[in-house]
Amino acid sequence: MSPKSQILIEGTYLYYQNDVNYCQEDFKVVQIIDNPVYYIHSEISSRVDSGEFLKIMVQYAMTNHFIPFFVQIEKSIGSQYAVETFKFDQHAQELQYVFKNSQITQEFKRNHSSKHYLTAPGFATAAMFTLSRKMDPTGRSAVTVVSSQNEWTYVGPPLEKIIYAEIKNREMDDYKLNNTTLPAAHLRLYDSDSSHASSGEIPTDLYLSKHFAIPYQMVQGNSKINIKNLKKHN
């Protein structure tokens, strides 16, 4: 019997480059009722320069403490297909990674800390670490993220990278969605800490909702992601 679940939030993002919309993401936040587990399901679709249709399906699972323990990324375009799976065993503190395409299956294991956050291409998951990571109230917090550089072929195992996150305003700002004013937290992401920051570094600005830190918007240079609609279920 399948576990009972309920949809908590669903919505749509539009991706822009130089004010041109090139991609859409539809997402749902789902809770398993009998087991305090949360899932984010994202479907990302985009037409690339060749005219082919790129589709990315993301499944992102978290514990009731918002620690990611399972991420699956399925990609397809034309005849190409690849799937990546990250599984984090909290008891063993071990990360299992599998990459699979039509030619090979590559597996990798290593020690992993629950303080290292799994990332995914779905924008709905971009700020999940703020729900379980204690943020420095006065400056930038170092956050270790784990991601893969593999696309259609296997290049290597997952990589760890340190980013720096800063909550600009502890109080909620105002954000407008479809002419409705909503409270939002302003999060900035940097590649360097404040002591090594260069004057030319352009941060990534995110405006987060109070609903599971689902972002309303991302701005980085000429790139922007805007939420088109957001529905909260009772």
Side-chain angles (χ1 to χ4, degrees), residues 9 11-25 27 29 38 40 42 44 58 60 62 65-68 71 113-149 158-178 180-230 232:
I9 300 170
T12 299
Y13 290 112
L14 299 178
Y15 292 55
Y16 295 88
Q17 182 69 35
N18 294 319
D19 295 324
V20 177
N21 173 225
Y22 68 93
C23 183
Q24 177 171 309
E25 174 182 346
F27 71 91
V29 180
Y38 297 96
I40 297 179
S42 285
I44 305 162
V58 176
Y60 191 95
M62 300 171 287
H65 297 296
F66 303 105
I67 303 298
V71 177
S113 168
S114 59
K115 295 181 180 180
H116 296 180
Y117 295 91
L118 303 177
T119 63
F123 182 56
T125 69
M128 286 297 113
F129 67 88
T130 62
L131 299 177
S132 57
R133 172 71 163 82
K134 187 175 181 180
M135 304 293 290
D136 184 343
T138 61
R140 301 181 188 180
S141 301
V143 180
T144 302
V145 296
V146 178
S147 61
S148 163
Q149 57 185 333
L159 301 176
E160 293 183 2
K161 178 184 177 181
I162 297 177
I163 62 173
Y164 295 87
E166 180 181 14
I167 297 290
K168 291 300 294 179
N169 299 303
R170 303 309 301 180
E171 301 297 326
M172 289 289 193
D173 291 332
D174 286 339
Y175 179 86
K176 284 206 168 185
L177 174 62
N178 299 329
T180 301
T181 300
L182 302 169
H186 184 186
L187 176 71
R188 276 193 160 178
L189 303 179
Y190 299 86
D191 289 327
S192 306
D193 62 16
S194 55
S195 62
H196 295 87
S198 65
S199 59
E201 181 178 1
I202 300 175
T204 300
D205 288 289
L206 285 82
Y207 297 89
L208 312 181
S209 76
K210 62 180 182 179
H211 308 298
F212 299 94
I214 293 294
Y216 287 132
Q217 185 184 65
M218 183 280 289
V219 180
Q220 210 282 330
N222 293 324
S223 298
K224 183 182 293 186
I225 302 175
N226 287 339
I227 198 157
K228 180 182 178 182
N229 54 67
L230 182 67
K232 183 176 182 294

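All values below were derived from every heavy atom in this structure, side-chain atoms included, with hydrogens, water molecules and symmetry-related copies excluded. Here the structure is a predicted model, which means the values were calculated and not measured.
Note that the CG atom of Leu131 and the CZ atom of Arg133 stand 13.5 Å from one another [nearest 0.5 Å]. The OH atom of Tyr164 sits 9.5 Å away from the CG atom of Asp191 when rounded to the nearest 0.5 Å. To the nearest 0.5 angstrom, Leu14 atom CG is 12.0 Å from Lys224 atom NZ. Summarising the geometry, atom CG belonging to Leu206 is positioned 9.5 Å from atom CD1 belonging to Ile167; distances are rounded to the nearest 0.5 Å. Atoms CG and OG, from Asp193 and Ser141 in turn, are 11.0 Å apart once rounded to the nearest 0.5 Å. The CD1 atom of Ile40 sits 4.0 Å away from the CE atom of Met62 when rounded to the nearest 0.5 Å.
For Arg188, the salt bridge (charged side-chain N to carboxylate O under 4.0 Å, His left out) criterion is met by Asp205, not counting sequence neighbours. Shown here are the side-chain contact (heavy atoms from CB on, under 4.5 Å) partners of Asn229, two or more places apart in sequence or in another chain: Thr12. In terms of the side chain to side chain donor-acceptor pair (under 3.5 Å) criterion, residue partners of Tyr15 (sequence neighbours excluded) are, by chain and number, Glu25. For Lys232, there are no salt bridge (charged side-chain N to carboxylate O under 4.0 Å, His left out) partners, not counting sequence neighbours. Under the side chain to side chain donor-acceptor pair (under 3.5 Å) criterion, Gln24 pairs with Asp26, sequence neighbours left out.
Considering only heavy atoms from C-beta on, Thr144 stays 4.5 Å or farther from Lys115 through its side chain. Between Gln17 and Asn222 the shortest side-chain heavy-atom distance falls below 4.5 Å. For the pair Lys161/Val143, no side-chain contact is recorded, criterion being any heavy-atom separation below 4.5 Å from C-beta on. The side-chain heavy atoms of Pro68 and Met128, taken from C-beta on, include no pair separated by under 4.5 Å.
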Derivation and outcome, side chain to side chain contact (heavy atoms under 4.5 Å, CB included), residues Phe129 and Val145: CA-CA 9 Å; Phe129 67 88; Val145 296; 5.6 Å; no
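Under the 3.5 Å distance criterion, the side-chain polar atoms of Tyr13 are matched with a main-chain donor or acceptor of Pro215.
Note: Phe66 and Tyr38 have parallel aromatic rings, judged against thresholds of 30 and 60 degrees for the angle between ring planes.
No more than 12 heavy atoms of other residues, nucleotides or ligands lie within 6.0 Å of CG in Asp19, so this atom counts as exposed by the packing criterion.
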Quiz: residues 116-126 side-chain donor-acceptor pairs under 3.5 angstrom, not counting sequence neighbours:
residue: His116; atom: ND1; partner: Glu160; partner atom: OE2; Å: 3.3
residue: Tyr117; atom: OH; partner: Ser132; partner atom: OG; Å: 3.3
residue: Thr119; atom: OG1; partner: Val146; partner atom: O; Å: 3.0
residue: Thr125; atom: OG1; partner: Gly122; partner atom: O; Å: 2.8

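When every heavy atom of Met135 is checked against every heavy atom of Glu166, the shortest pair comes out as CE-N, 4.4 Å.
Just one residue in the list Leu208, Asn226, Leu182 forms a side-chain contact (heavy atoms from CB on, under 4.5 Å) with Tyr216, and that residue is Leu182.
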